[in-house]
Structures are given as C-alpha cells and as structure tokens.
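First up is the structure itself, then whatever we jot down about it.
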Protein chains: 2
Amino acid sequence: MRKRATAREVAEVAGVSKWTVIRAFTPGASITDASRQKVLQAAEALNYSPNLLARSLATNTTHQVAVFVDDFANPHKLPVLEMLTERLQAEGLLTVLININRNFDHVHALINADQRQFDAVILFGTAFREETLGDRRLGPGLPPMFVLARDSQIPGVPAIACDTELALSEIVEYLFNKGYRRPGFMMGARTLSTALGRRHHYANFWRQKGVENVVELTAERYSAQAGAEAARIYLSSAAPRSRVDVLMCENDILALGALDVARSDFALAVPQELAVVGFDNIELGGVPAYGLTSYEQPTDKMIDAIVGMITGERASETIVFPGRFIRRLSA
Amino acid sequence: MRKRATAREVAEVAGVSKWTVIRAFTPGASITDASRQKVLQAAEALNYSPNLLARSLATNTTHQVAVFVDDFANPHKLPVLEMLTERLQAEGLLTVLININRNFDHVHALINADQRQFDAVILFGTAFREETLGDRRLGPGLPPMFVLARDSQIPGVPAIACDTELALSEIVEYLFNKGYRRPGFMMGARTLSTALGRRHHYANFWRQKGVENVVELTAERYSAQAGAEAARIYLSSAAPRSRVDVLMCENDILALGALDVARSDFALAVPQELAVVGFDNIELGGVPAYGLTSYEQPTDKMIDAIVGMITGERASETIVFPGRFIRRLSA
DNA sequence: TTGTAAGCGTTATCAC
DNA sequence: GTGATAACGCTTACAA
C-alpha cells in the first residue's frame, strides 16, 4: 500500500511549484491552460488527488455532517436516511451516522462532533433536552445544529418537521366524520416532544369535537412487539362497550403491532370493531395484510430545507411542512 | 461562535510548552502530575479539547470508517447499522454512511474515502465487481476494504457473512421433510453474488433430494411491492396443479410482499396451498399477521469479526458464521 | 500568471 | 520530564 502522492511530488514532475498544482485543482483559479495541462498530466501519472484532510485543516471546513440517531427500530428511518445522504452527497457533504445510546450520549457525541470540526449536526428524531447544552464540558463554538422530524426544544436550534397540528386536525376530522367517538392514543416510551405534540393535538381536536376523553396507552419501546404488548394489555382489561373504537398510534410500527394483536389475539374486525391509525406511512403499512391508514411526512421538502440551511442557501429557522393523509382500510 | 482553543493557548495559560499540553492529553506519556494538573486546569478554563482533524493529519489515521450501502429498502439494514455503529463507536471509530447510487458510484465513493483517509471501508451488502477496482482513477493505496453480509468477489477483500450453504441446507432439509416437492425461488433484480449464492445452494440441495426443477421468479427491486408484483405475475399464469408449493424468497421483504399477494389476491392458504420462506428475520416477519419462516443472520458475530479485523485485533480473512433457522407458520 | 512565506493544530523525534 | 525542531499536506495571503 503505497502512500498517496502529494502536491509537492506532482509539482516536481510537472516542473512547477506546488502552489501551481493547487491552482490546477482549484476551480476558477488563475492559471494558464498550459500549466494546468502539465499539472493534470503529472497528477494522473502519479495518481494524485488532493488530501481532503489537509484541506479541511487549512480551511476549517470538513464537508462532513453528523447525523444523530437514537432509535433504529422504526423502519421509516431508512428511507429518510437514504434521501438525506443522497442530497447531502449531491452537495459534496458526507454523512457521519452517530448512534446515540447509553454509552455514547448527546454530550459525548457533540464534543466529538466539535473536535472533528463537522460542518453541522442533525438531530434526527433524537430526544434532546435544552439542559444538555448547558453541560459545562460543551462550551461555545459547537457546529450549527438542526432538529429533523421533530420539534426543537432548544432556542436557536431550528427544527425542520412535519406540521403536526395540521396533520392531526386532518386525521381527527376524518375520524370524527367516519363516526368514531371513543378515541385512544398510543405513545412510545419516550415522553418527549414529538409524542407529546401529537398526543396534545390529537386530544385537542377531539375536544373541539366535543369528545373529552382520550384513552392513553404507552408502549415500552418503539417496536411492533411493544405496540402489540401495549394493545394486549389494554384490550384484555377494557370492557367491549366502553373500549376505544379508534386507536391512533404515534407511529406505524406501533400501529402494526397493535393491529395484529387486535385481529389475531382478540379476533376484532378492523376497522369495524377497532380502527387503527399510524404515522409515517412506512412501506409495509401499505401492503394488503395491513392497509394501514397513516400520515406521510413531507420528507423530500424537509430534507431540501435542512440541506439548504446547512449549505447556507437558505435561512436557518424553524419551519414545518404539510404532510399527506393516507387513507386506507384500517380506519 | 468563538473558535476552539488550541494547545498553544492552553500552554500559555498553564505556563508550559505546548508539547507538555499534548502530553497531558496523551495516555501514558511521561509527565509529572504537577504539570498535568496545571495543564488540565488551564484546559478546562479555556474549554480546550484536542483537534482531531489536526491529529488525523499528523497520525495518518482518522478513526472514521466508511460504510457503503446501496439498498435502503430492506428494513434489516437498520438493526445491523445500529449494532455496527455502536461497536465501532465503542472502539473510538465513527461511521460515515455513504449512499451508493447512480450519481455516486463505488469509484466515486472510493476515491473520496481515500482522499479523506478513512481507516477502512465496509461494503455492506453492495453490489461491487472486481473490475471496478481496476478503474485507473483508483490507483493503489486505498483504505482496507471489507465486505459485510455477502460474499466477496474480490481477491484480497475479505468477506464476513452468514454461512449461506449451511443456511440453505437447513432450510431445504426442513422443507423437504415437511413434504414440499415443488420449490420456487424469488430473487431481487441484482443478479449478483448473494442472490446467486442463495439460489445456487437452494437448487443444489433440492437436487440432492431428487428435485431437479426449481422455478425462478425475479422481482424488479428489493421491496415488498416488487415482491408482490413478481408473485402476482407468477400466480396469475401458473396452473394450480403444477404451481410451486413452497416459495423461498431472497429476503424477508420480498417474502412479505409475496405472502400478501398469495393470501389477498389469490386467496391461497399459507402454508397449506403455498408456503413462503424469507431470509433475514426482520421484526415484522415475526408478527402474527405474517408468522414468516425465515433465517436469522448471525449479525453480532459478523460485526464482532469485522470490527476486530478493522482494529487489527483479528486477522483479516474471509469468514462465515452459522445463522439460525426461524421456524414459524408460513412454511 | 506564478512563486514565496506563513499558518492550520497536531504528532514524532531528538536534545537537554 | 520538558522544550525545541521538523513534519503532516494543504490554503491564504502577498510579492514578483
């Protein structure tokens, strides 16, 4: 494994100074075509390409963006990551995927992101509290931060998300018109902003319809199994007459688990005896076995926006986009 | 956004040389406790922490590992990425997630990985041909490469994977004993090694059982929709008497699509009229609505191995681990 | 247009 | 144990 060629070596071969080599690789630098050709030829011969590490050190910009994720159970993360990496790469930015967990918390990750001089940090759905930023190990001068797909709890950190209020107004409007009157809501364990926001608006809109009572279920984690378990516990104890007639779940993965339990373990007809609604519109919700009614986040717009903010083509500010209600058989 | 403090600044405050500052941050360096204390105090006051970018330039090691992914449709990628990032982070390595697609191919990505001096490159299930490495833009001196979760087609690039042959022998053995005699196999569009390997062994073991004919279906992509479509085409045209009685799919996501179509569109009882087997054992395959018989890859062992090879604690060589057959209702 | 000098913030190596 | 010199490979002045 030979070492990489450097600009100096190319310069020697091309018979110019190393700065001329740099210029040949700098778009829009003043250099004669003759020199450029000589350099490019020598570079090709030596298989030279600029060392981006050295460039980063000199320019104070790494063209790397950290993406913090703390929940890998939701399949919806995958298409978003796909789109995000693609758009970032189109702007010359690479994605550093950082797993936030017990051994590697937000403070750790932020210190690291700072030490590595990442150009930006995206909090992709992670549960992050304002007081975390108060940690004295952090200090000032962190990379610009953005919250993706949830609302921000941190002043000065813009959030790019789906319009939750609009989404839930559409959903509740639809459910109410369908005749449902005994709503339930299932959240994941993380009692943080996204869950609370959705639950809050859900309850609010029902209240506006004159329905005061919204039954709350809580799943241990964000997984189909946990959703199933929470549904099982509830359905075992609830009297059929007073049982909820429609269960909205914080996301599709919980909804699929709940729907399965209702049908398989309790032999409930969906949506006649129990309607189920999810959120995210994951691919599997759309297959015939489920036909899950859900809500699609405007992922492409959100990603366009966040990438624009990172590149500076767009002002950094909290913004929400309207999503799309996906009506299927389950409600 | 103030700039980060540097070792030199800390040195001034602490009244020592900047090299002493470095030593205070270098485990096992020779330095007196007194100096170390002075330095750490000054560092804390200035909120100093070493600049990893500069360190990388000097040490020729970035502690970053690139992971190439070209198929984000399979939910199975997510738990693997979770485990991979976690174990890498435990070794002080960050994961750069690179989306291989039409606009950013393997050659692009490898050049970039080289320019950024990544410590290693993991080809996570990507379709990568030997001739790609022959591209003259690449040249020698690339970071060490590893293939994860499929077999390698490149000499010198170790593959860390599930023992496909063993897996398919177990699967076919089971299916044969269950009495199935008309096997089918559904692959994704990518006619490359993993698919071919599984198909190859599947056909082989059936042949050893005296069953010569394995019907082949091909899905356009790796998605439930594509799996559904491929199954629909086949089931529409196949005569019930000669139709396959068991359909093995290259992965769970195709299998779920196929299973849905069989049940919903063709009203086939699963497994009585058509048995379905997948591969990967994704969470949703296990829910009651599916009960998909599948095969679990030994992800933890594979990841331990690949991380060990990257850190150098383990010899870099192709290796396979036995997985686990997951028997459920669908076959 | 081209070459020179200084600097980015570390680490490696050698004196003291 | 500590300080100094050189080097990592590039960029950004500035001078020629």
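Proteins get letters first, then strands, A, B, ... in listed order; numbering begins at 1 in each.
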For [X], answer base if it contacts any base atom (sugar-phosphate contacts may also be present), sugar-phosphate if it contacts only those atoms, and nothing otherwise; contact means non-hydrogen atoms under 4.0 Å.
X     : result
B/L57 : base
B/S30 : base
A/R8  : nothing
A/F25 : nothing

(message) Pick the closest DNA chain D nucleotide for A/T59 and for B/A54 by heavy atoms, then say which residue is nearer the 5' end.
(response)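 Its nearest nucleotide being more 5', the pick is B/A54.
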(request) For B/A58 and for B/G15, find the nucleotide of DNA chain D with the closest heavy atom, then tell me which residue's nucleotide is more 5'. (result)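 Here B/G15 is the residue nearer the 5' end.
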Rounded interatomic separation in angstrom, taking [atom1] from [X] and [atom2] from [N]:
X     : N     : atom1 : atom2 : answer
B/I22 : D/dC8 : CD1   : C1'   : 14 Å
B/K18 : D/dA4 : NZ    : P     : 10 Å
A/N51 : C/dC8 : CG    : P     : 19 Å

(message) Measuring to OP1 and OP2 of D/dG1, would you say a side-chain N or O of B/S35 lies under 4.0 angstrom away?
(response)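 No, because none of the side-chain N or O atoms of B/S35 sits under 4.0 Å from OP1 or OP2 of D/dG1.
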(request) Determine: side-chain N/O of B/S17 to OP1/OP2 of D/dA4, distance under 4.0 Å, yes or no. (result)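 Checking B/S17 against D/dA4: no side-chain N or O falls below 4.0 Å of OP1 or OP2.
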(message) Let's test your reading of the model: under 3.5 Å, does the base of C/dG3 pair with the side chain of A/R23 as donor and acceptor?
(response)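 Present.
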(message) On the side chain of A/W19, is there an atom forming a donor-acceptor pair with the base of C/dT1 - under 3.5 Å, no angle test?
(response)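 Checked by distance alone, the answer is no.
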May I ask you to check whether [X] and [Y] show a side-chain donor-acceptor distance below 3.5 Å?
X      : Y     : answer
B/R4   : B/S49 : yes
B/R116 : A/T62 : no
A/N99  : B/E82 : no

(request) Name the residue closer to the 5' end of DNA chain C, choosing between B/T26 and A/T20 according to the nucleotide with the nearest heavy atom. (result)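 By nearest-heavy-atom nucleotide position, the 5'-most residue is A/T20.
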(message) From C-beta outward on A/T6, which listed nucleotide comes closest to its side chain: C/dT10, D/dC10, D/dT2?
(response)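 The listed nucleotide nearest to A/T6's side chain is D/dC10.
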(message) Any side-chain to backbone donor/acceptor pair from A/T126 onto A/V69? Under 3.5 Å, distance only.
(response)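 No, because the side chain of A/T126 does not come within donor-acceptor range (under 3.5 Å) of the backbone of A/V69.
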(request) Mark yes when over 12 heavy atoms from residues, nucleotides or ligands other than A/R314 sit less than 6.0 Å from its CZ; otherwise mark no. (result)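 For A/R314, atom CZ is crowded (more than 12 foreign heavy atoms under 6.0 Å).
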